[in-house]
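Atoms considered below: every heavy atom in the structure, side chains included; atoms not considered: hydrogens, waters and symmetry mates. In what follows, chains carry the letters A, B, and so on, assigned in the order in which the sequence lines appear, proteins first and then strands, with residues in each chain numbered from 1.
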Amino acid sequence: MSTYVDEYVPLEKELRSKRDAGKKLLIPYLTAGYDQDWIVSVEAIANAGADAIEIGIPFSDPIMDGPTIQAASQRALERGTTPISIFSELAKLDVGVPLIAMTYCNLLFHAGFERYLGWLKDGNIAGTIFPDLPLEEAGEWTELANRAGVANIFLVSPTTPTLRAAKLCSATTGFVYGIGLMGVTGVRETLSNSASEIAKSIKAVTDQVVMVGIGISTPSQAKSVVRDADGVIIGSALVKILLEGGGPAHAFEFVKSIRSAIDSL
Amino acid sequence: MVESLDSYDFSSGGFGEFGGRFVPESLVAAVSELEVLFRDAWLDPEFVNQYKEILTSYAGRPTPITRCNNLSDSLGIELYLKREDLTHTGSHKINNVIGQALLTQRMGKTRLIAETGAGQHGVATATAAALFGLKCTVYMGAIDVERQALNVFRMRLLGAEVIPVTSGSKTLKDAINEAMREWVACVHDTHYCIGSVMGPHPYPLMVREFQRIISEESRPQINALLGRDPDYVVACIGGGSNAAGSFAKYLESDTILVGVEPAGGAAIINGTPGVIHGMRSRFLQDEYGQLEEAQSISAGLDYPGVGPEHAYLASLKRASYYCVTDSMVLDAFQRLAKSEGIIPALEPAHAIAWVLKEAGNEIPLGSSVLVTLSGRGDKDSETVARILGQ
Ligand SMILES: Cc1ncc(COP(=O)(O)O)c(C=O)c1O
């Protein structure tokens with residue numbers, strides 16, 4: 001591609017260079033504040049070989065999330081978790097991999113763009129994901145965030161028409177988030193065929209890093225997806241372990257098992 | 001019909017700064033398709049005729065206007081009711097559902113899902129599903145499943161599956177969340193039949209258009225009685241659909257438009273701008289933008305947000321919004337029953353309560369006041385009996 005690497009925001013530069021070096025990528029997700037140890041879990045996940053970590057900022061009405069992440073969010077909110085408490089805890093952390101803040105767009109609008117950007121800076125956040133902020137409504141935020149070096153990641157769904165997928169791929173920074181199945185987040189027994197399909201169809205329209213998430217729960221599912229995708233995002237399966245009291249040690253083992261699976265391709 | 005669509009900015013999908021289409025990417029194609037389909041259908045005389053024919057032969061339209069003789073005397077105003085309680089299934093919700101069921105057929109989809117608070121929209125959706133041979137699943141907060149048990153039974157009798165929602169506050173807002181989640185998974189064969197003027201574009205516009213029939217009928221009806229428009233049109237506000245339909249034909253007139261919210265869920269009066277449930281509107285939310293729980297005796301108004309058109313009308317000051325307390329509503333519920341022989345649903349009892357309080361105060365004596373009686377009170381009799389200790 002003709003674009004100079006220096007034009008990429010830092011998150012994108014890092015992920016692209018790993019991908020271009022032939023590495024498969026892993027981005028685990030966890031909900032911030034689900035218990036007092038959550039920061040220790042973030043460290044454990046980083047040590048287990050994550051390439052970036054998605055930090056879920058709990059929202060009261062998470063319409064893209066299934067029962068597991070709903071429960072984690074509710075628990076976090078009941079513990080008094082707020083965006084400010086999360087970002088100030090993250091400020092003290094240095095795990096050596098980029099962090100991405102995932103939440104719903106009302107928190108962004110309510111804070112105001114400048115203030116939210118300030119919080120992101122405090123928390124050393126490299127990118128944002130808002131699953132309910134569509135392309136048409138995201139222009140101003142994307143521009144502001146990118147100018148500040150923060151990636152704003154768009155999602156592409158199995159129902160996204162090709163032309164629109166191309167637009168999303170050129171608007172996204174950091175990577176493209178391919179939605180692995182039609183549904184909300186959650187652990188699934190079997191991998192949907194659409195997970196590989198979405199990776200292939202996005203690859204056909206972009207040279208962006210293509211990560212696939214939603215409904216990927218096991219090492220073998222992850223391995224199967226990265227045959228077509230550049231990497232996987234694993235959320236509910238990890239959050240489930242943490243909610244069931246698995247703690248940082250189990251989180252470490254689980255993420256490590258995914259890491260080995262995708263590295264063994 | 002065309003006149004009303006022209007005044008709406010399709011490109012922004014909004015009412016001024018409010019509205020929009022804040023949905024997950026997996027739903028973008030479906031809401032875009034719905035927008036085009038609705039616009040085509042609503043400009044197609046055949047569709048409109050079919051819709052109106054069903055409302056006449058099946059749902060019992062037009063509904064009459066009743067003058068409240070006893071209350072008019074005692075309050076010193078001219079009080080009229082637009083009788084949506086007399087429609088089939090007992091509330092205005094049927095008007096919207098017939099329209100959306102017809103669209104579902106036109107799309108070739110085979111299943112309806114809906115959220116419901118009081119159960120009236122759920123019953124209406126289950127009814128339309130039975131009529132049109134569609135499958136139907138209704139999401140209802142677990143608390144509402146208890147307090148509106150009669151409607152749960154009716155929905156099941158009509159062949160619908162009712163799923164109690166146990167997340168969050170276990171009321172209407174959580175039922176909406178759950179219906180949205182299901183829609184993301186089943187959008188290929190399922191239409192989400194939203195019950196009020198809320199959600200992503202085109203729902204606020206589409207549902208308003210399907211409820212426009214209320215004022216399309218009431219304006220000539222009240223003009224025949226009074227020889228002019230009423231001084232006031234008053235309606236209760238949950239998401240705001242009966243109010244939006246009641247206001248539509250009077251927007252360009254001198255009639256004073258009043259929306260009445262529950263004190264514990266007054267999103268226009270006490271809310272702030274936000275983006276939740278697919279729309280930019282006003283919501284009760286905390287300092288970070290977390291949605292707060294509403295608290296109302298009426299399950300149908302127990303929602304911490306409001307449709308974007310009302311946020312817009314409030315910002316223009318074209319409509320005025322007030323709130324009333326649960327105890328005022330209980331008084332109004334009983335007073336309408338005793339003085340006129342009409343048992344209202346708790347939702348429109350809010351509109352009545354505001355009139356009872358303001359007649360001779362905010363409402364000058366001698367004024368003509370048209371209240372939309374959006375539904376009948378059978379579903380609430382148990383709740384009220386329990387509160388009154390009877
Ligand atoms: C009889 C009745 N009126 C009003 C409402 C509130 O809805 P809306 O504000 O959309 O008219 C409901 C909702 O359940 C209802 O059942």
K.L.:
What's the separation between atom CD1 in A:I63 and atom CD1 in B:I276, rounded to the nearest 0.5 Å?
P.N.:
10.5 Å
K.L.:
Just wondering, more than 12 heavy atoms not from A:L163 lying within 6.0 Å of its CG?
P.N.:
no
K.L.:
Quick check for you: to the nearest 0.5 Å, what is the distance between A:D132 atom CG and B:F22 atom CZ?
P.N.:
8.5 Å
K.L.:
Quick one: are A:N106 and B:Q290 in side-chain contact, heavy atoms under 4.5 Å?
P.N.:
no
K.L.:
Given a strict heavy-atom distance threshold of 4.5 Å, which part of A:P62 is in contact with chain B: side chain, backbone, both, or neither?
P.N.:
both
K.L.:
When you compare the side chain of B:P24 with that of A:L155, does any pair of heavy atoms fall below 4.5 Å?
P.N.:
no
K.L.:
Under a 4.5 Å heavy-atom cut-off, does chain B meet the side chain of A:L135, its backbone, both or neither?
P.N.:
neither
K.L.:
Would the number of heavy atoms belonging to other residues, nucleotides or ligands and lying under 6.0 Å from CD of A:E143 be above 12?
P.N.:
no
K.L.:
So which residue, A:L108, A:D65, A:L133, ends up with the most heavy-atom pairs under 4.5 Å with chain B?
P.N.:
A:D65
K.L.:
Can you spot which of A:I214, A:I179, A:T160 makes a side-chain contact (heavy atoms from CB on, under 4.5 Å) with B:S26?
P.N.:
A:I179
K.L.:
So which part of B:E287 gets closer than 4.5 Å to some heavy atom of chain A, the side chain, the backbone, both or neither?
P.N.:
backbone
K.L.:
Which region of B:S169, side chain (C-beta onward) or backbone (N, CA, C, O), has a non-hydrogen atom less than 4.5 Å from a non-hydrogen atom of chain A, or is it both or neither?
P.N.:
neither
K.L.:
Decide if atom CD of B:Q295 counts as having more than 12 heavy atoms of other residues, nucleotides or ligands within a radius under 6.0 Å.
P.N.:
no
K.L.:
Within the 4.5 Å heavy-atom criterion, are A:M64 and B:R181 side-chain neighbours or not?
P.N.:
no
K.L.:
About how many Å separate CD of B:Q285 and OG of A:S60, when rounded to the nearest 0.5 Å?
P.N.:
9.0 Å
K.L.:
Check whether B:V28 gets within reach of chain A through its side chain, its backbone, both or neither, counting any heavy atom under 4.5 Å.
P.N.:
side chain
K.L.:
If you measure from CD1 on A:I57 to OH on B:Y288, what distance do you get to the nearest 0.5 Å?
P.N.:
12.0 Å
K.L.:
Is there side-chain contact between B:E178 and A:Q70, with at least one heavy-atom pair below 4.5 Å?
P.N.:
yes
K.L.:
May I have the step-by-step check of side-chain contact (heavy atoms from CB on, under 4.5 Å) for B:E25 and A:F154, ending in yes or no?
P.N.:
CA-CA 9 Å; B:E25 180 60 27; A:F154 285 101; over 6 Å; no
K.L.:
Which residues, numbered in order, of residues 181-193 of chain A come under 4.5 angstrom of chain B by heavy-atom distance?
P.N.:
A:M182, A:G183, A:V184
K.L.:
Who in residues 109-126 of chain A is close to chain B, using a strict under-4.5 Å heavy-atom cut-off?
P.N.:
A:F109, A:H110, A:W119
K.L.:
Do A:Q74 and B:S167 have side-chain N/O donor and acceptor atoms under 3.5 Å apart?
P.N.:
no
K.L.:
So for atom NZ, which belongs to A:K167, do other residues, nucleotides or ligands contribute more than 12 heavy atoms lying within a distance under 6.0 Å?
P.N.:
no
K.L.:
Return yes when atom CD of A:E140 has more than 12 non-hydrogen atoms of other residues, nucleotides or ligands closer than 6.0 Å, and no otherwise.
P.N.:
no
